[in-house]
Each structure stands twice: as structure tokens, then as C-alpha cells.
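Here the structure is laid out as C-alpha cells; the discussion comes afterwards.
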Amino acid sequence: MYTEQGVSVTTHWWRHAAIYQIYVRSFADGDGDGTGDLAGVRSRLPYLRELGVDALWFNPWYTSPMADGGYDVADYRDIDPLFGTLAEAELLITEAHGHGLRVLIDLVPNHCSDQHVWFRDALAAGPGSPERERFWFVPGRGADGELPPNDWTSYFGGSAWTRVTEADGTAGPWYLHMFAPEQPDLNWEHPEVRAEFEDVLRFWLDRGVDGFRIDVAHGLAKKPGLPDVGPDPDVTDLPYQDCDAVHDIYRSWRKILDTYDGDRTFVGEVWLPTPEQSARYLRPDELHSAFNFDFLCCAWDTDALRRVVEETFAGHAPVGAPPTWVLSNHDTIRHVTRYGREDTSFDMGDKRLLDPSDPVLGRRRARAAALLTLALPGGVYVYQGDELGLPEVQDLPDALLQDPTFVRSGGVDRGRDGCRVPLPWSGSGASLGFSPEPATAAPWLPQPADWSALSVAAQESDPDSFLSLYRAALALRRERLAVLPEALTWVEAGPGTLCFDRDGGFRCVVNASESAVALPEGADVLIASGPLADGELPPDTAAWLSL
Ligand code: GLC
């Protein structure tokens with residue numbers, strides 16, 4: 001950060017960027033096969049520019065059997081044919097830059113696909129082969145090795161181990177997969193694994209990407225000896241996450257990134273129990289930023305929200321990293337739905353059931369939350385459809401669910417498909433403008449009929465729509481907030497409210513209480529998430545003021 005003529009200017013774009021997350025499969029379909037693709041994204045770049053975001057983060061677009069929506073990568077240097085070609089990705093990067101949009105891509109280093117050439121070679125090469133050393137092939141326990149090597153469970157449910165059947169039909173060792181069996185974990189102690197990913201980084205940096213989102217950034221290193229977790233584990237010291245060796249990997253990546261010009265960046269999916277653990281990934285020679293999952297999981301409660309904001313600042317300050325703010329992503333319940341529930345918090349494991357939600361309340365709070373997140377100092381993420389106020393689709397038929405968590409949990413966890421339904425672009429037509437007409441196939445997940453009212457076309461012409469709110473707030477943010485110091489001053493505005501000032505006479509007030517609150521006299525309302533009532537801020541409404 002430097003100061004110029006009294007105005008404090010942040011030097012790095014990623015410290016204050018608004019980053020739009022594109023789940024390619026569900027964003028826009030260019031070729032009419034019912035699946036979103038790069039052609040679809042390219043055709044919508046003007047929309048993204050007009051929305052007013054600074055950068056795009058693409059979920060994995062690589063060659064993949066799609067056992068986990070592309071997080072099972074078979075070739076890190078090519079694009080899946082469902083989405084397009086490498087040449088098209090190169091064009092997309094160039095065109096996005098032409099629109100003033102930076103490009104971040106998803107790097108998935110913890111595991112690859114079971115169809116990746118390394119894993120196929122490992123299976124073919126047999127027990128004890130060097131090919132198997134790039135993964136975690138371990139003999140089972142029990143008299144005949146019939147029990148998994150340890151007690152680790154997969155994040156998707158069930159054992160984290162699958163036993164190999166060798167080419168001659170005999171039962172072999174087990175391999176580790178912290179996610180689905182189609183996602184074998186790579187052995188990051190192996191020098192070839194490290195060399196390979198360093199090369200993959202260079203491959204995409206050479207193609208102009210501005211940075212990477214690191215998938216499961218806390219998980220790459222495993223505790224030596226792969227010990228059991230045991231019956232009553234210390235969650236801050238699990239043998240499969242946040243092991244010290246992981247930091248060395250990011251230090252070596254950072255050195256590579258820093259040899260490139262253009263202020264490129266790493267954002268980590270660091271999902272750990274304490275802010276202190278997460279902050280260690282953000283030391284000056286490691287990753288630049290990380291998603292703030294404490295904020296994403298926080299209930300609609302101003303005390304809790306303030307606590308998370310304060311803890312975020314306190315946790316990031318010692319390492320000098322910018323905070324980030326995120327409300328939803330492709331793994332979580334859409335916050336319009338979450339905020340309309342009785343329990344408005346989110347927890348990765350247990351909230352995917354069909355809890356009832358009040359849509360009117362959820363929408364009102366989501367609009368207020370948008371103004372809150374966009375006003376806070378630091379980076380902010382917008383998941384595609386947030387700007388349209390899309391809810392979670394809770395009634396997808398079981399037969400259409402594709403997320404492996406649904407099957408692996410025996411249907412207990414409905415999975416993440418409900419936040420991945422294709423976007424509605426126009427108010428009419430079989431796919432609401434997601435696919436060109438006539439399309440050869442329906443959207444890969446069905447859109448609710450009432451989404452025609454939530455389409456981009458329907459919202460563009462309505463000054464009170466979600467989309468208009470996001471556009472206006474992003475424009476104001478860019479104009480007034482992006483250049484301010486990363487600091488805020490809390491203002492006491494009564495129970496159930498959250499109120500803070502930033503430099504230049506800017507104030508954000510959020511009212512989550514049950515009664516209206518007065519606004520300071522003489523303040524100009526720059527934007528509000530809903531209509532004021534006799535000049536007062538109604539419940540579940542937020543406003544930005546110029547004092
Ligand atoms: C991350 C991704 C999620 C994926 C998992 C395994 O958590 O966000 O979608 O299933 O990693 O790669």
C-alpha cells in the first residue's frame with residue numbers, strides 16, 4: 001500500500017478485487033448440448049464486464065471423466081471436449097483481458113483422476129513398481145490385507161481407501177482417495193509430483209492466466225506413516241490436512257509465480273478449524289489470499305458477523321494478507337436459501353437436507369449481505385447466480401443428481417447439485433437462454449420454471465432487481481472503495497445492527513434486528529438493499545451512506 005497526494009492506494013489488484021466464479025458447466029452453453037462451455041463464456045464476456053467485476057475464476061475446465069464435476073483431472077494441460085479446446089481457452093484468456101477482466105483458473109493438486117495416465121500406468125505396472133510411488137498404494141491390515149490401511153474417511157463419506165484388483169485377479173494393496181475413489185491422492189513426497197505441477201503452473205502462466213485457485217490447499221501433505229485418526233481426534237491436528245510439509249510446496253510455487261510479470265496471484269481453498277492455521281498459508285512467501293469460509297458459514301446475526309470480521313482482520317494482520325469475503329460457492333447452499341432458514345449458518349457436513357426456507361426473507365437478507373460483503377475492505381467473491389438472487393434448487397429428482405456425495409452418503413447428503421443449476425439468461429425458451437435454440441439436449445440439470453422471472457433479461461430492465469443492485473454496488477465499490485486503505489472503524493448503532501465507516505466519509509449500515517433503525521441526519525444514501533421506511537432502515541436491509 002502506498003500513499004499518493006493523501007489518497008491511500010493499494011498496489012495489488014488482488015487485494016481489493018471483485019472476483020466472479022464461473023462454474024463452466026452451468027454458466028452458458030454455446031453449442032446447444034445442454035452443458036455450459038467456453039464458447040458460452042466467450043459470448044457472455046460483455047455481461048461480465050458490465051456487471052463490474054475485476055476478475056473471473058474458472059472451476060476446473062480440464063479433460064476429465066467428470067466423476068466430481070471436473071475436480072477429477074485426467075490431463076492438466078488440455079480442456080475437456082465438453083467445454084471446448086485449448087485454443088479456445090487461449091482465446092478466452094485474451095478476450096477476457098480485452099474486456100479488462102483477469103483470469104484465475106482452478107488447480108487441483110491433491111488428487112487426479114483415476115483416468116490420468118499416471119494412475120492407469122500405476123495400476124498396470126503392478127505392486128512395488130515406481131509408477132505406484134506417485135500415489136499412496138499401501139497394503140491392507142488384517143490377515144489377508146482385507147482391511148483398509150488406516151481409519152481415514154473420505155470427505156465424501158465412506159473409507160478413504162479402495163482396494164486394487166490386480167491384472168491377474170488377485171486382491172492387491174489399497175490406494176488413498178480423500179474424495180471419491182475416482183480421485184486418487186497424489187504422493188507429494190515424490191519429486192516427480194512436485195516437478196509435474198511446477199511445469200503445469202508454467203504451462204498456464206505462459207498462456208496468460210493471472211493466477212490460480214488452489215483446490216484443497218490444506219490437504220496435499222500427509223503425516224508420515226499415515227497414522228490412524230483415532231476415536232477422539234484433535235481437529236487441529238489431523239494426519240491428512242495442514243501438515244507442515246505443505247508450506248514448502250507453496251514456497252516453491254511462489255518463486256515460480258514471482259518470475260512472471262503482471263501481478264499474478266494464488267488464492268487457496270484453505271478450509272481449517274482456526275484462523276491461525278489458515279494464516280500460515282498466507283505468509284509473504286506462500287499464497288496471496290484464501291477464501292474466508294468462516295464468513296461463508298456465519299449465521300445472519302450481527303454479533304456473529306462482527307466477530308468473524310474482527311477475527312479475520314486479526315488473523316490476517318500478522319502476515320499482511322488481505323481479507324476476502326464470500327457468501328456462496330459451488331460446494332455450498334446458495335445463501336438466498338440459507339438466509340431464509342431458521343438456522344442461517346452453514347456447516348459443510350450437515351445442512352444439505354430439505355430444510356424449509358422462507359424465500360422472501362432469504363432474498364431480503366441476501367441483498368443486505370451483498371452490500372455488506374461489497375463494502376468490507378479486501379477481496380470479494382461472487383458466485384455465478386448470486387447476482388441474480390438464485391436460490392438453491394432443493395427438489396431436483398434423485399435420478400438426476402450427479403454429485404458423488406449423494407451416492408456415497410447413501411442419499412443422506414443431497415449433494416451440491418442444487419447450487420449448480422444452469423443460469424437463466426432469458427425469460428423464455430426451453431433452457432431460459434442457457435443454450436442456443438434449437439438445442440440438441442436439455443440443460444444438464446433442469447431449471448425451475450419460475451426462474452424465468454430471475455433471468456438476466458428479466459432483471460436487466462428492472463431497477464429494483466438483484467442484478468441492478470449488484471451492478472450499482474460493484475460500480476460504487478470500484479469508484480469509492482477499491483482505493484481506500486484496508487481498514488474500517490466500527491460505529492455502535494444499536495443491537496442487531498452492524499455499522500462501520502471507511503475513509504472518505506463512507507458508512508455501511510446493516511440492520512438485522514426486528515425493528516427499523518434511524519439513519520444519521522444529513523447523510524446521503526448512496527445505495528440501499530431495499531426501500532427505506534420513512535427515512536429509516538427496515539429490518540434485514542443494508543445501506544451505504546456518504547456522511
Ligand atoms: C474442493 C472443491 C470441490 C471438490 C473437492 C475435491 O473442495 O471445491 O468441488 O469436490 O475439492 O476436489
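Hydrogens, waters and symmetry mates are skipped; everything else that's a heavy atom, side chains included, is used.
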*Check the pair E311 / R306 against salt bridge (Lys or Arg N to Asp or Glu O under 4.0 Å), numbers first and verdict last.*
CA-CA 8 Å; E311 281 171 7; R306 177 165 169 171; over 6 Å; no

*Side-chain donor-acceptor pair under 3.5 Å between S435 and D29, yes or no?*
yes

*Taking the side chain as every heavy atom from C-beta outward, state whether P323 and L376 have any pair of such atoms under 4.5 Å apart.*
no

_Given 3.5 Å as the limit, does a donor-acceptor pair link the side chain of T337 with the main chain of P391, or not?_
no

_Residue pair Q402 / R416, side-chain donor-acceptor N/O under 3.5 Å_ = no

*Do we see a donor-acceptor contact under 3.5 Å between the side chains of N59 and Q21?*
yes

_Against the six-membered ring of F83, is R25 placed for a cation-pi contact (under 6.0 Å from the centre, within 45° of the normal)?_
no

*Indicate whether any N or O donor in one side chain lies under 3.5 Å from an N or O acceptor in the other, for S455 and S452.*
no

*State, without any angle test, whether D242 and Y281 hold a side-chain donor-acceptor pair at a distance under 3.5 Å.*
yes

_Main chain of V382, side chain of D386: is a donor-acceptor contact present, judged purely on distance under 3.5 Å?_
no

*From CH2 (W271) to CE (M348), nearest 0.5 Å*: 4.5 Å

_More than 12 heavy atoms of other residues, nucleotides or ligands under 6.0 Å from CG of D534: yes or no?_
no

*asked:* Before you tell me yes or no, could you show the steps for W300 and S345 under side-chain hydrogen bond (donor to acceptor under 3.5 Å, both in side chains), namely the whole-Å CA-CA distance, both residues' side-chain angles and the distance that decides it to 0.1 Å?
replied: CA-CA 7 Å; W300 183 245; S345 67; over 6 Å; no

*Taking NZ, NE, NH1 and NH2 as the nitrogens, is one of them in D413 or R408 under 4.0 Å from a carboxylate oxygen of the other?*
no

*At what distance, to the nearest 0.5 angstrom, does CG of L45 lie from CG of L51?*
12.0 Å

*Any donor-acceptor pair under 3.5 Å linking the side chain of R420 with the backbone of H330?*
yes

_Could you check whether any side-chain N or O of H16 sits under 3.5 Å from a backbone N or O of V380, counting only pairs where one atom can act as donor and the other as acceptor?_
no

*Say whether Y47 and E387, considering side chains only, have a donor N or O and an acceptor N or O under 3.5 Å apart.*
yes

*Flag the pair W544 / R507 as yes when at least one side-chain heavy-atom distance between them is below 4.5 Å, and no otherwise.*
no

*Between the main-chain N or O of P539 and the side-chain N or O of T541, is there a donor-acceptor pair closer than 3.5 Å?*
yes

*asked:* With rounding to the nearest 0.5 angstrom, report the CG to OG distance, L374 to S529.
replied: 11.5 Å

*Polar contact flag, side-chain donor to acceptor under 3.5 angstrom, D263-H12*: yes

*Between G427 and L432, what is the shortest heavy-atom contact and its length?*
O-CD2, 3.7 Å

*Considering only heavy atoms from C-beta outward, does the side chain of I19 approach that of V53 to under 4.5 Å?*
no

*Passes side chain to side chain contact (heavy atoms under 4.5 Å, CB included), Y383 versus Y20? Steps please.*
CA-CA 6 Å; Y383 175 45; Y20 188 90; over 6 Å; no

*In this structure, which one of W14, F295, F291 forms a ring-ring contact (aromatic ring centres under 6.0 Å, His included) with Y381?*
F291

*Give, for atom CG of L537 and atom OG of S515, the distance between the pair rounded to the nearest 0.5 Å.*
11.0 Å

*asked:* Taking salt bridge (charged side-chain N to carboxylate O under 4.0 Å, His left out) as the definition, give me every residue that meets it alongside D106, ordered by chain and number, with sequence neighbours left out.
replied: R213

*Are E276 and R280 ion-paired here, with the side-chain N under 4.0 Å from a carboxylate O?*
no

*Please check if any side-chain donor atom of N292 sits under 3.5 Å from a side-chain acceptor atom of T312, or the reverse.*
yes

*Considering non-hydrogen atoms only, spot the tightest contact between P446 and V421 and give its length.*
O-CG1, 3.6 Å

*What are the two closest heavy atoms between G219 and N110, and how far apart are they?*
O-OD1, 3.1 Å

*Expected output: side-chain T373 to main-chain A369 donor-acceptor under 3.5 Å*: yes

*asked:* Closer than 3.5 angstrom, by distance alone: can the side chain of S409 be matched with the main-chain N or O of T405 as a donor-acceptor pair?
replied: yes

*Please answer whether the main-chain N or O of V267 pairs with a side-chain N or O of S289 as donor and acceptor at a distance below 3.5 Å.*
no

_Any N329 side-chain heavy atom under 4.5 Å of L296 side chain_ = yes

*asked:* On a heavy-atom basis, which atom in P443 and which in Q447 lie closest, and how many Å separate them?
replied: CG-OE1, 3.7 Å

*Going by atom types alone, do W425 and S431 pair a side-chain donor with an acceptor below 3.5 Å?*
no

*Which atoms form the tightest heavy-atom contact between P485 and R502, and what is the distance?*
O-NH2, 3.3 Å

_Please check this pair: side chain of Y470 against backbone of G389, looking for a donor-acceptor N/O pair closer than 3.5 Å._
no

*Could you tell me which non-hydrogen atom of T302 sits nearest to which non-hydrogen atom of L498, and how far apart they are?*
O-CD1, 3.5 Å

_Could you measure the distance from the CD1 atom of I214 to the CG atom of L220? Nearest 0.5 Å is fine._
8.5 Å

*Between E286 and R283, is there a salt bridge with N-O shorter than 4.0 Å?*
yes

*Dump the intermediate steps for side-chain hydrogen bond (donor to acceptor under 3.5 Å, both in side chains) on T497 and N511, then the final yes or no.*
CA-CA 5 Å; T497 63; N511 179 11; over 6 Å; no

*Between D358 and R364, does a salt bridge (Lys or Arg N to Asp or Glu O under 4.0 Å) hold up when you go through it step by step?*
CA-CA 10 Å; D358 172 346; R364 201 160 64 226; over 6 Å; no

*Is R367 paired with D540 through a side-chain N to carboxylate O contact shorter than 4.0 Å?*
no

*Is the closest side-chain donor-acceptor distance between Q241 and Y155 under 3.5 Å?*
yes

*Do any N or O atoms from the side chain of Q459 and from the backbone of L454 form a donor-acceptor pair under 3.5 angstrom?*
yes

_Side-chain heavy-atom pair V24, D80 within 4.5 angstrom cut-off_ = no

*asked:* Do T274 and T236 make a side-chain contact, defined as non-hydrogen atoms from C-beta onward lying under 4.5 Å apart?
replied: yes

_Rounded distance (nearest 0.5 Å) linking atom CG of L484 with atom CZ of F506_ = 8.5 Å

*Find out whether T265 and R102 are in side-chain contact, i.e. whether some heavy atom of one side chain is under 4.5 Å from a heavy atom of the other.*
no

_Derivation and outcome, side chain to side chain contact (heavy atoms under 4.5 Å, CB included), residues L361 and R365_ = CA-CA 6 Å; L361 183 63; R365 289 176 172 167; 3.6 Å; yes

_Before you tell me yes or no, could you show the steps for R478 and D54 under salt bridge (Lys or Arg N to Asp or Glu O under 4.0 Å), namely the whole-Å CA-CA distance, both residues' side-chain angles and the distance that decides it to 0.1 Å?_
CA-CA 9 Å; R478 187 175 270 184; D54 305 297; 2.9 Å; yes

_Passing option when R414 is tested against D355, D403, D395, D398 for salt bridge (charged side-chain N to carboxylate O under 4.0 Å, His left out)_ = D398

_With a 4.5 Å cut-off on side-chain heavy atoms, are E460 and L467 touching?_
yes

